[in-house]
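What follows is one structure encoded as structure tokens, with my remarks underneath.
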Amino acid sequence: MSDFNYNISRRRFLATAGATALSSVLLKGCLGNPPDDNPIISSANATKISIPPEQVPETTKVRLGYLPIIEAAPLIIAKEKGFFTKYGMSDVEISKQANWGAARDNVKIGSSAGGIDGGQWQMPMPYLISEGIITDNLKIPMYVLLQLNTQGNGIAIAGKHKDKGITLKIDKAKDFFEKTKSEGAKFKAAYTFPKANQEFWIRYWLAANGVDPDTDIELLTVPAAQTVANMKTGTMDAFSTGDPWPYRIVKEKIGFIPALTAEIWKAHPEEYLAMRADWVDKNPKATKAMLKAIMEAQQWCDNFDNRKELVQIVATKNYFGVAPEILEDTMMGKYDMGDGRIINDKSMAPLYWKDAKGNVSYPYQSHDLWFLTESVRWGFLPKDSLGTVKDWIKKVNREDIWREAAKEAGIAVADIPSSTSRGIEEFFDGIKFDPENPQAYLDSLKIKKA
Ligand code: CA
């Protein structure tokens, strides 16, 4: 690594360390304290199995990055309930990342240099890393191996905008957005990492409502903790993020939630497990062992009878470091939206194994295609790249490895999708995405750059 790069990384490290300190202060907030390490956690919970000789992993070790949001639950549960150990991966390290940029920098260097081998990602980060787009042109081939969860994210709006008609449909608030634009005080909306899920959700929602996210408002990247602080002081109007943040906004009376991502797109793809390709190629059996453990954790997480314990585990200081009360309701599908609306529906909760459309864990290539098509829509990728991205998907999406692992794990055939495509997807505004014809989707959208 050149001195120049070293200095950048060092500065990044210092900046992110600062952000972590800030977020832990804010996370304590007025909502109680995180539990200490939980005594109920025991790796002995998992049943011991004898691993067939041909499935014994090449290594017992791997370092996986995660962010302290509910998407990470299957990784944490696989570790804490002993599922990794059960499948022969007894030295899995789950490493908290200060933010998405830090995760990217850590996978760029790999675990041999103190970084990570892979872990939790927003889409299409594994593609952008594979192509060197967010890694200073250094291509780090990655494989997408499993979807961690669906739903569990939302749009939060500052409390001062409560009576302006901003709901899932914001037709009534059109004048408000027009006014802020013409007065030169554009509505400011944030996400924690650009050109990935959180930015896509807020862009989709606004554009579906006739608000052009590129010209009518201002979008920017801000660390979650800082966004909350800015919303308190009134300098930020909105942000798009995962639980527990939107819930905190309501509980601390900072704002309200006009839309859950589950309302924008029911059973939408959310975050993924992706690894450095060199690690997977070197350790194919360990990769499958890891997938089997995470699949078992996903089934465990999906059982609502386990969710109280799940919350106790992820809330500990080791992991999220939040009061369990912050997570309990939303994990059961109870959302106080802060605008008088209460949602109480388990099918709207974060889901890890099964959703309204079938299997959650399987990484559909058609979903990767949507994220990449959306990247074309907003000009993040060149407009003629719909053909190119299909080639990327063939290289990066390794649903074949998921299938092999599922078979080894004895997953019921009915739970294994028969196609790499989930078929036509429909959004809350009636727009349809047909993976067979992404251009038709782009053509059907009124607000876009491409
Ligand atoms: Ca998310």
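Read the numbers this way: they start at 1 and go in the same order the structure lists the ligands and their atoms.
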Task: SB check E425 K432 (cutoff 4.0 Å) - done: no

Open item on the list: Given the ring of F304, does R307 sit roughly above its face, with NZ or CZ under 6.0 Å from the centre of the six-membered ring and within 45° of the axis?
Closed with: yes

Task: Cation-pi geometry met for R248 and W245 (6.0 Å, 45°) - done: yes

Task: Lys/Arg N to Asp/Glu carboxylate O, R341 vs E263, below 4.0 Å - done: yes

TODO: Check whether any side-chain N or O of Q147 sits under 3.5 Å from a backbone N or O of V360 as a donor-acceptor pair, and report yes or no.
DONE: yes

TODO: Measuring from the Ca ion (ligand 1), count protein N/O/S atoms under 3.0 Å, please.
DONE: 4

- [ ] If a pair satisfies ring-ring contact (aromatic ring centres under 6.0 Å, His included) and one of its residues is in residues 337-367, list it, with sequence neighbours excluded.
- [x] Y362-Y364, Y362-W402, Y364-H367

